[in-house]
Colleague: 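I have a structure I would like to understand better, so I am pasting it below and will then ask my questions one at a time.
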Amino acid sequence: MNENNIPKTYDAKEWENELYSKWEESGLFNPDICIKKNITDETKPTFSIVLPPPNVTGTLHAGHAAMLAIEDTIVRYHRMKGDRTLWIPGTDHAAVATQSKVENILWKEEQKTRFDLGREEFLKRIETFAQQSHDTIVHQTKKMGASLDWSREAYTLDEKRSLSVRTAFKKMYDDGLIYRGYRVVNWTIKGQSTCSDDEVVTIERQAKLYTFRYSKNFPIAIATTRPETKLGDTAIAVHPDDERYKKYIGQTFTADVGSAKPLAIKIIADESVDPAFGTGAVGVTPAHSHADFEMRERHPEIDLIQVIDTDGTMTAEAGQDYAHLTTLEAREKFVLWLRENDLIEKEEDITQNVGTSDRYEDVLEIIPMRQWFVAVNKEFDHSGKKTTLKQLMREAVGPGKITLLPERFSKTYFHWIDNLRDWCISRQIWFGHRIPVWYCLSCKKERINATVKSRWFFVRHGETDWNKKEINAGTTDIPLNETGREQARLTAEKLAAENIGVIFSSHLSRAHETAKIIGKKIGVDEIIIDDRLQERNMGKAEGLSYSETKKRFPDLQKYNGKSANNESYEEAENRIWKAVSEHLEKHSHKNVLITSHGAVLRALWRKIQGVTPESIMNIKRFPNATPLSIDILKPCEYCGHHFFEQDPDTLDTWFSSGLWTFSTLGWPDENAVDFKNYHPTSLLETGYDILFFWVARMILMTEYLLDTHPFDTIYLHGLVRDEQGRKMSKSLGNVIDPLTVSEKYGADALRMALISGSTPGNDLRLSDEKIVMMRNFTNKLWNLARYVGTMTEKTNTPPEPKTDADQYLIKKLHAIVRDITRHLERYELSLAAEELREFTWGDFADWYVEVHKVEKNDALLRYAFDKILKLWHPFMPFVTEAIHQTFHFDTNEFLMIAKWPEFDTTKLEIATENRFELVKGLISTIRNVRAAYHIDPAQKMTVSAFGESEQTLRGNEEIFKRLARIDKLQTLKSAVAPKNTLRVQYGLLSAFLHLDGVVDIAKERARFTKEKDEKEKYIATLEAKLSNKNFIERAKKEIIETKHGKLKESQKQLLDIKNHLASLQN
RNA sequence: GGACAAUUAGCUCAGUUGGUUAGAGCACAGCAUUCACAUUGCUGGGGUCACUGGUUCGAAUCCAGUAUUGUCCACCA
């Protein structure tokens, strides 16, 4: 290899993309291929991690980069070790997070809300956005060097994960753990959705606390910051022992505050009330407070009155003065009323904590609603014993079960479980897994996780001129107008993806043409004309305007009205029902479009819903060319109808994320190969900020569904902050973009900066400076390779030690391999990286390479460097692989799959001289002890030793016995130190003696890893320096050229060294 | 209000089960430069390990308390 061809600096950009593609093409990220290529085999242990799926909300940030760096390091280590190693990539649809992001963009760019676009179109926008985010994320992930098995990539919203979600939902529903209940939920007005307790972000704000009475003679005053909610008060709670109020407990007082009905306030006793706070009485608003709702569960006799609506205005229950006002307007008005009636006793300014929505950032309202919940406290039968989900979660973590790193987080975990309420899993947002529940349109009964046979669409024709002029057409054949045709085309677009097989249409041209326009656009040629789908015959009313008809034939709007010699709703309904039923028998497996007319569809819709004939006019009119979709299922087991509609809500995103460790491995197919091989996974590595959101839910789901743990160990990394310790945020402009950084300094430098100097659970400050330092190190490694690769001969001689320095290096190398391996096994990445860096830079580069320049031992140098390179690979995959590809120190095709270095404990034994020194030290100790405690120097003693010192002592037992006057050398294991013992420290050893006269000497822990051969190393360096001709010549020159006859410091040092060496030789 | 953490050199941080003289990088000072590497090397200064007690032969490390900072949780109406 010609030195000149190799650049002096390592240029990450030159290598990274190319190397990643090569790795990827090799397929070696996939354990199946590693088995095929004999890098591992079926007898080897498995090691698996699922990547915490990044949200498809944009791009990766520094936190993701840390996650990737940590996980990839661990994964690469295990792969090199020969484990069957699997790391699965994926992304998270992240429901609310993504939806709110797209909604914000939509509002900013087009001033539209999701309701303006409609469900289908809005979802399309989100999917486009999600796809782009996904691509960016994958690109960034690859840039970091992450050795993920892309062939197994998953998405929380794809078909397979969807199946897992439905399966899990059904099982929980069947076990009674998922229920639909009327409870108070956190509601974001802006997002028009619920959110779970964990998604609530409490912020501090200024508020006014009003103390008032409901009426002049009301016996108890209460305080509130939300006076308008008091219109929904139904009780006052006081402490049971509160003497002031005891006499009122159980009584009900009424007060007219302007709400729809006068308030009936019952005085109840509840332990949760703090009698010392405020007036010692709490106004209870069960509809708009979690605490008060729970209070009502304890006191079911009190009422619940909802005064705030989902749009943030007051309901009718609040009274006609307040209905439809915003909460703020209502508050002002109510306060004014209180003031006018002289009911306010106190107004004070306080700071208050309020809950806001994590994603929409508006203050949440607490509103009672019918929602889906997971019951965490409900007992159920689990593998033969009674338990609750809470209990399952609690029992999963602890010694011998799931290990948390750092361990202290288990405390917060348990605390969180203890305070857990039922988990609200339904969301009114559109992006996410639809709740797999269908309601029979006729009898309203639920069906879970149903198979949809087909979807049927009912469309009223597009607009005609008569529609526009509000004239009855009936059987009169009025064609579509231009607007009508356009409407049909738009409808076709909406239906394009619905895979419609057949179209049935009324023969009347306005319907038929609508069908034709749609059919052409969605590629359905066959349009079956069925006269029974035609419009209601309006008899004499055809051609009359709506208002005229109303005047002349008022009974036409009735179910049986026939005064215009017309067809009644009843007759029309029967014929269309017959037609639809017939078609259903033949075509229920196909998606079907039916184009028909307003009145008959309305009649049909009434029939399907099974409401009384009299309420026909309460059925909403069908607008022109707007599809109504109905799911066709197996007939309802209660009423026999086929028509169902799915719950419009979606699931909390964490419901699907909770299944991630096994939904990615093939579950619900419990025989899936991956599932059998790789579950439970070995490690979960994620930020501590989602311990509750995600980790806890995975534990819940896995314990419940599979009766096992999702992972053995949880490694929680900290938040990545900027150099001043602030959270990275766009508004502060301090965001470190991993992509920019890795382009500038290389991915390896970024990885190292994120790993070293960081410990699990603690936040990490990332600065440019730190990254530069690591970039410098990658360059150091590169140049080491240049030296070792070009300055040494390739040799096949085994690396035999020739000098003390060689000996030291070998010993140190084995110690390093042992330490790094041990650190990696314990997930102590930072320690591993630091220690390895110190060894590489301090020992190998700055010391041994210098030695090598004098005492050439090429075989050993190459041998050592090869080991170092392999140890570095998991941390810095690119530069190490680049070196490998350039210099080929090892024969493997890729360093990535090179065998992890092993160490030999016998090589770690300390040298004889050092042992001797150790013994000498111990003897002095004994002498000191004898002197200090006036023990007869002639008296013999028992000496006890531990650990590595024991070995040392045994090796020199005879000398030791003689010199130290002992009669017995004993072995003690730690913990044995008797109470009445004095211990005296000397050097490396600590000795202790019993006060009863017999002296024991023991060494509790000797640390030999850093022992005295530092000295060896020092001498070797000096020798090397001094025998380096250049060095001597330079020094001489310096001395001669020195002006003023004064030696510079450095020269003095040189002389010192010389003298020192001379004294050593004597 | 509760819980958890942090406090080590001018700055950013390691220090994993109590043990030689408490470490690293940056910054600072001095020196070196045909050398694999200036993205370099050598040398040096700089620390009462927040404070006060306790346990121990021995404490940055364990215990108790105090102070400051931060994070999370909580129904103070």
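Throughout, protein chains are lettered first and strands after them, A, B, ... in sequence-line order, and every chain is numbered starting at 1.
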Colleague: Before accepting this row, confirm whether a basic side-chain N of the pair A:K13/A:E743 lies closer than 4.0 Å to the acidic partner's carboxylate O.
Modeller: no
Colleague: Check RNA chain B against residues 405-421 of chain A and give the residues with a non-hydrogen atom under 4.0 Å, in numerical order.
Modeller: A:R408, A:K411, A:H415, A:R421
Colleague: Measure from CG on A:D358 to C1' on B:C72 and round the result to the nearest Å.
Modeller: 14 Å
Colleague: For nucleotides 23-28 of chain B, give me every protein contact, N/O to N/O, under 3.5 Å, one pair per line with atom names.
Modeller:
{"unit_1": "B:A24", "atom_1": "O2'", "unit_2": "A:R837", "atom_2": "NH2", "d": "3.1"}
{"unit_1": "B:C26", "atom_1": "O2'", "unit_2": "A:E769", "atom_2": "OE2", "d": "2.9"}

Colleague: If pairs are Watson-Crick or G-U with both distances under 3.5 Å, what is the dot-bracket string of RNA chain B, marking crossing pairs with [ ] and pairs to another strand with |?
Modeller: (((((((..((((.....[...)))).((((((....).))))).....(((((..]....))))))))))))....
Colleague: Round to a whole Å and report the spacing from CG of A:N186 to P of B:C75.
Modeller: 10 Å
Colleague: Could you check which of B:A77, B:A5, B:C37 has an atom nearest any side-chain atom of A:L209?
Modeller: B:A77
Colleague: Under the side chain to side chain donor-acceptor pair (under 3.5 Å) criterion, do A:H239 and A:D274 qualify, and how do the steps go?
Modeller: CA-CA 7 Å; A:H239 195 273; A:D274 175 4; over 6 Å; no
Colleague: Over how many whole Å does the gap from A:F692 atom CZ to B:U71 atom P extend?
Modeller: 15 Å
Colleague: When all nucleic acid strands are considered with a 4.0 Å heavy-atom cut-off, which category describes A:N353: base, sugar-phosphate, or nothing?
Modeller: base
Colleague: Considering only NZ, NE, NH1 and NH2 on the basic side and carboxylate oxygens on the acidic side, decide whether A:E825 and A:R822 come within less than 4.0 Å.
Modeller: no
Colleague: We want to know whether A:H823 and A:D819 form a side-chain donor-acceptor pair, criterion being a heavy-atom distance below 3.5 angstrom.
Modeller: no
Colleague: Which is true for A:A845 with a 4.0 Å heavy-atom rule: it touches a base, it touches only sugar-phosphate, or it touches nothing?
Modeller: base
Colleague: Pick base, sugar-phosphate or nothing for A:L831, based on heavy-atom distances below 4.0 Å to the nucleic acid.
Modeller: base
Colleague: Is the distance from OP1 or OP2 of B:G41 to the nearest side-chain N or O of A:W841 less than 4.0 Å?
Modeller: yes
Colleague: Give the rounded distance in Å between these two atoms: CD1 of A:I366 and P of B:A77.
Modeller: 13 Å
Colleague: NA contact type, A:Q352, heavy-atom cut-off 4.0 Å: base, sugar-phosphate, or nothing?
Modeller: sugar-phosphate
Colleague: Closer than 3.5 angstrom, by distance alone: can the side chain of A:D858 be matched with the main-chain N or O of A:T792 as a donor-acceptor pair?
Modeller: no
Colleague: Under a 4.0 Å N-O cut-off, is there an ion pair linking A:R226 with A:E228?
Modeller: yes
Colleague: Below 4.0 angstrom, N of the basic side chain to O of the carboxylate: do A:E294 and A:R421 qualify?
Modeller: yes
Colleague: Could you tell me whether A:F777 and A:W872 have their ring centroids closer than 6.0 angstrom?
Modeller: yes
Colleague: Starting at CG of A:L869 and ending at P of B:A36, how long is that distance when rounded to a whole Å?
Modeller: 19 Å
Colleague: Closer than 4.0 Å, any side-chain N/O of A:T759 to the OP1 or OP2 of B:A14?
Modeller: yes
Colleague: How many whole angstroms separate atom CD1 of A:I203 from atom P of B:C73?
Modeller: 14 Å
Colleague: Under 4.0 Å between any heavy atoms, over every strand shown, what does A:V849 touch: base, sugar-phosphate, or nothing? Just pick one.
Modeller: base
Colleague: Look at the aromatic rings of A:Y848 and A:F844 and report parallel, tilted or perpendicular, splitting at 30° and 60°.
Modeller: parallel
Colleague: Could you tell me how far apart A:L784 (CG) and B:U39 (P) are, to the nearest whole angstrom?
Modeller: 17 Å
Colleague: Is it the case that the ring center of A:F218 lies less than 6.0 angstrom away from the ring center of A:Y214?
Modeller: yes
